[in-house]
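Just so we're on the same page: letters track the sequence lines, and every chain starts at 1.
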Protein chains: 2
Amino acid sequence: MKRATLRDIAQSLGVTVATVSRALKNYPDISKATKQTVLAAAERLHYAPHPMAVKLRQQAYKVVGVVIPDIIHPFFSDVISGIVDVMEDLGYHIILSQSNESYEKEIRVTQMLQATGVDGLLVCLSNETVDVGHLQALQEYDVPVVLFDKISPLLEASSVVTNDFQGAYDAVAHLLDQGYTRVAHIKGPPHPENTRQRFAGYRAALAAYGLPYRAEYVAECTHVTQDEGAFFNRQFMALAEPPEALFAVTDSVAIGAITALKEAGWRVPQDMAVIGFSDWAVCRLLEPSISSVSQPGYDIGRRASELLLREIRQLREALPLEHSQLVLDARIQIRQSSQRPVSV
Amino acid sequence: MKRATLRDIAQSLGVTVATVSRALKNYPDISKATKQTVLAAAERLHYAPHPMAVKLRQQAYKVVGVVIPDIIHPFFSDVISGIVDVMEDLGYHIILSQSNESYEKEIRVTQMLQATGVDGLLVCLSNETVDVGHLQALQEYDVPVVLFDKISPLLEASSVVTNDFQGAYDAVAHLLDQGYTRVAHIKGPPHPENTRQRFAGYRAALAAYGLPYRAEYVAECTHVTQDEGAFFNRQFMALAEPPEALFAVTDSVAIGAITALKEAGWRVPQDMAVIGFSDWAVCRLLEPSISSVSQPGYDIGRRASELLLREIRQLREALPLEHSQLVLDARIQIRQSSQRPVSV
DNA sequence: GTGAAAGCGCTAACAC
DNA sequence: GTGTTAGCGCTTTCAC
């Protein structure tokens with residue numbers, strides 16, 4: 001069936017499109033009678049306004065783009081859930097794109113999103129991303145950008161992140177509080193601010209407890225996978241003086257590290273205590289249950305959305321843009337994998 | 001910076017918008033010289049075509065809506081990943097909406113998606129959905145709909161599903177092959193076709209092996225959660241003659257059931273064998289590792305996308321719409337939780 | 001090779 | 001109360 005337009009209704013009723021338009025949006029001064037007939041005709045013809053025409057006219061689209069590295073990651077599912085909840089309440093929709101942790105792809109998808117005419121963008125940078133020119137370009141076209149989780153100080157924009165430094169510090173302090181002194185860290189790739197912060201938190205905790213930083217206790221992931229976690233922990237286990245405890249940059253790495261321990265017959269936490277980061281649902285289910293630092297993914301999504309909507313509004317009303325940097329608390333979740341046995 | 005339009009470029013160059021438009025899309029008969037200047041001016045003014053204007057003109061939008069019950073579910077992450085991969089290759093974007101397993105919300109989001117002007121819809125029905133009028137409405141407006149995973153025979157549309165019947169049959173047959181005779185089933189809610197099929201596969205396998213259907217060995221979930229899995233399995237465990245094996249409608253239910261077993265000191269699989277459905281990543285990680293039926297989520301996303309794109313094309317070219325019903329194979333993944341110990 | 005003009009479907013200021 | 005008119009930004013046919 002051909003889609004009905006205002007004109008179709010107008011012609012079938014012998015009135016003008018303007019009248020029809022007003023009747024459908026129940027303007028104050030429209031007669032009860034015509035309103036009725038118009039409504040009836042609209043119903044009969046299955047009228048629905050043409051979205052693009054409305055959008056073009058009103059210069060607002062009510063769609064925001066979301067760029068994340070990988071949908072499969074449970075943390076991002078949480079974030080998206082928060083974004084969707086906020087956005088849908090206000091009649092906004094979200095367009096989802098993956099960068100697959102590739103800088104090239106991130107540029108491509110942001111440009112595509114811009115081309116579809118989104119009102120704003122929520123972006124979690126890829127691990128490869130250093131330069132942010134592609135996002136500055138968006139801003140120049142009056143498309144506001146809010147960063148979350150993996151952000152860059154190079155972009156003047158609002159952002160919402162977990163307090164990675166504090167989370168990491170707390171995790172390592174929790175280990176040190178129990179008397180461990182040889183604590184290793186498998187860190188993430190060098191660029192993302194959040195893995196840097198976690199590394200910084202690790203070092204700060206060591207320093208605060210008067211312990212030396214030992215380079216042989218630190219390894220750097222590229223892909224942040226279970227395999228890398230297993231690989232690097234095997235290296236730690238092979239050291240003349242292996243670490244007694246491990247802080248992993250993320251849960252997948254922690255899980256991999258534990259796999260390596262089990263394969264070698266090491267017990268967790270007796271032979272090595274482990275704590276991860278992100279607090280995936282599986283942490284609770286595994287044996288031993290895995291201690292982790294929980295990130296408020298859902299809240300990050302909500303807050304980032306609120307900031308973006310604020311900027312969209314400010315832009316529309318030609319107000320000066322305000323940027324906010326939000327840092328949400330992380331909370332350590334202590335479970336079996338990091339609890340030192342009472343009598344060792 | 002105010003967004004530049006064709007007119008801005010035209011005025012700054014003393015030509016008409018038509019010329020500029022043609023120059024930018026390198027039409028054959030446009031002079032080398034003007035093309036150069038236009039391109040330069042466009043660059044200088046940071047020109048980008050206004051998406052809505054283009055869309056309005058061309059009556060095509062290159063955005064499809066996706067409606068799923070819940071993004072958090074790993075299966076849907078897989079599906080979305082498949083959808084995004086296919087769609088982005090062809091320059092399409094996806095708008096994501098959640099129904100939260102609510103019929104009301106499903107109606108709301110489909111209407112909102114229609115209002116944003118999507119070219120088509122990929123829908124996984126909520127557990128509550130029986131009537132499909134809201135989707136028929138979309139079809140009447142020439143917005144093609146493709147169902148996946150949870151579908152309805154009431155809607156004349158293409159669909160892509162896992163072969164739930166066969167997957168369930170295989171899972172139960174795998175248990176029966178090992179000599180178990182008392183096999184229970186925790187089934188899903190009554191409406192979704194897929195949980196019906198899994199139930200049917202369960203019954204068919206029992207029948208094929210000449211075993212009676214025992215109503216006390218079947219329970220029905222409402223929310224399909226771990227808690228329900230634990231709850232119903234406790235009921236099974238309390239029976240005078242408890243089942244020796246359990247086929248759970250989904251992995252979360254299987255995990256809950258195993259939790260209940262462990263709490264009561266029952267061993268898995270020695271005291272009760274368990275097999276789930278969906279093959280979440282955690283199945284491999286848990287102890288015992290959980291047997292499950294793997295659904296090709298990524299492929300479901302891909303195939304559904306391809307079908308939708310085909311219908312969008314057919315619609316645009318005014319060809320008759322072809323619907324296809326795809327049923328993709330499920331594969332049982334046998335792990336520890338369902339393997340009968342050799343000497344019992 | 002370029003301009004003029006119509007129109008995609010809708011809204012809104014301005015008439016009367 | 002309703003009609004007229006002028007666009008939103010772009011594409012495309014038809015002139016010249």
A.B. asks: Between C:dC10, C:dG9, D:dC10, which nucleotide gets closest to the side-chain atoms of A:V54?
C.D. replies: C:dC10

A.B. asks: Between C:dC8, D:dC10, C:dC10, which nucleotide gets closest to the side-chain atoms of B:L56?
C.D. replies: C:dC8

A.B. asks: Between B:S31 and C:dT2, is there a contact of a side-chain N or O with OP1 or OP2 at under 4.0 Å?
C.D. replies: yes

A.B. asks: Which is true for B:R7 with a 4.0 Å heavy-atom rule: it touches a base, it touches only sugar-phosphate, or it touches nothing?
C.D. replies: sugar-phosphate

A.B. asks: Starting at CG of B:L6 and ending at P of C:dG3, how long is that distance when rounded to a whole Å?
C.D. replies: 13 Å

A.B. asks: Using atom NE2 of A:H50 as one end and atom P of D:dC8 as the other, report the distance to the nearest whole Å.
C.D. replies: 18 Å

A.B. asks: Could you check whether the side chain of B:R22 and the base of D:dT13 have a donor-acceptor pair of N or O atoms closer than 3.5 Å, going by distance alone?
C.D. replies: yes

A.B. asks: Please give, in whole Å, the distance from C:dA13 P to A:K25 NZ?
C.D. replies: 11 Å

A.B. asks: Could you work out which one of D:dC10, C:dC10, D:dG3 sits closest to the side chain of A:T16?
C.D. replies: D:dG3

A.B. asks: At under 4.0 Å between heavy atoms, what does B:I30 touch on the DNA or RNA strands: base, sugar-phosphate, or nothing?
C.D. replies: sugar-phosphate

A.B. asks: Figure out the CG/P separation between B:N26 and C:dG1, and round it to whole Å.
C.D. replies: 15 Å

A.B. asks: Atom CD of A:Q36 to atom P of D:dG1: distance rounded to whole Å?
C.D. replies: 15 Å

A.B. asks: For the residue pair B:S31 and B:T34, confirm or rule out a side-chain donor-acceptor distance under 3.5 Å.
C.D. replies: yes

A.B. asks: Strictly below 4.0 Å: does A:Y27 bring a side-chain N or O up to OP1 or OP2 of C:dA12?
C.D. replies: yes

A.B. asks: Let me confirm one number: the NE2-CD1 distance from B:H73 to B:I68, rounded to the nearest 0.5 Å.
C.D. replies: 10.0 Å

A.B. asks: How many Å lie between CD on B:Q59 and C1' on D:dG9, as a whole number?
C.D. replies: 14 Å

A.B. asks: Please determine if a side-chain N or O atom of B:S21 lies less than 4.0 Å away from the OP1 or OP2 oxygen of D:dT12.
C.D. replies: no

A.B. asks: Using a strict cut-off of less than 4.0 Å between a Lys/Arg side-chain nitrogen and an Asp/Glu carboxylate oxygen, indicate whether A:E88 and B:K105 qualify as a salt bridge.
C.D. replies: yes

A.B. asks: Check the distance between C:dG9's P and A:I9's CD1 and give it to me in whole angstrom.
C.D. replies: 13 Å

A.B. asks: Grab the NZ-P distance between A:K55 and D:dC10 for me, whole Å please.
C.D. replies: 18 Å

A.B. asks: Check this one for me: any side-chain N or O of A:Y47 less than 4.0 Å away from OP1 or OP2 of C:dG9?
C.D. replies: no

A.B. asks: Looking only at side-chain atoms of B:T5, point me to the closest of C:dC10, D:dT4, D:dG9.
C.D. replies: D:dG9

A.B. asks: Report yes or no: do B:S102 and B:S99 form a side-chain donor-acceptor pair below 3.5 Å?
C.D. replies: no

A.B. asks: OP1 or OP2 of D:dT2 less than 4.0 angstrom from a side-chain nitrogen or oxygen of A:T19, does that happen here?
C.D. replies: no

A.B. asks: Is B:E311 salt-bridged to B:R316, cutoff N-O under 4.0 Å?
C.D. replies: no

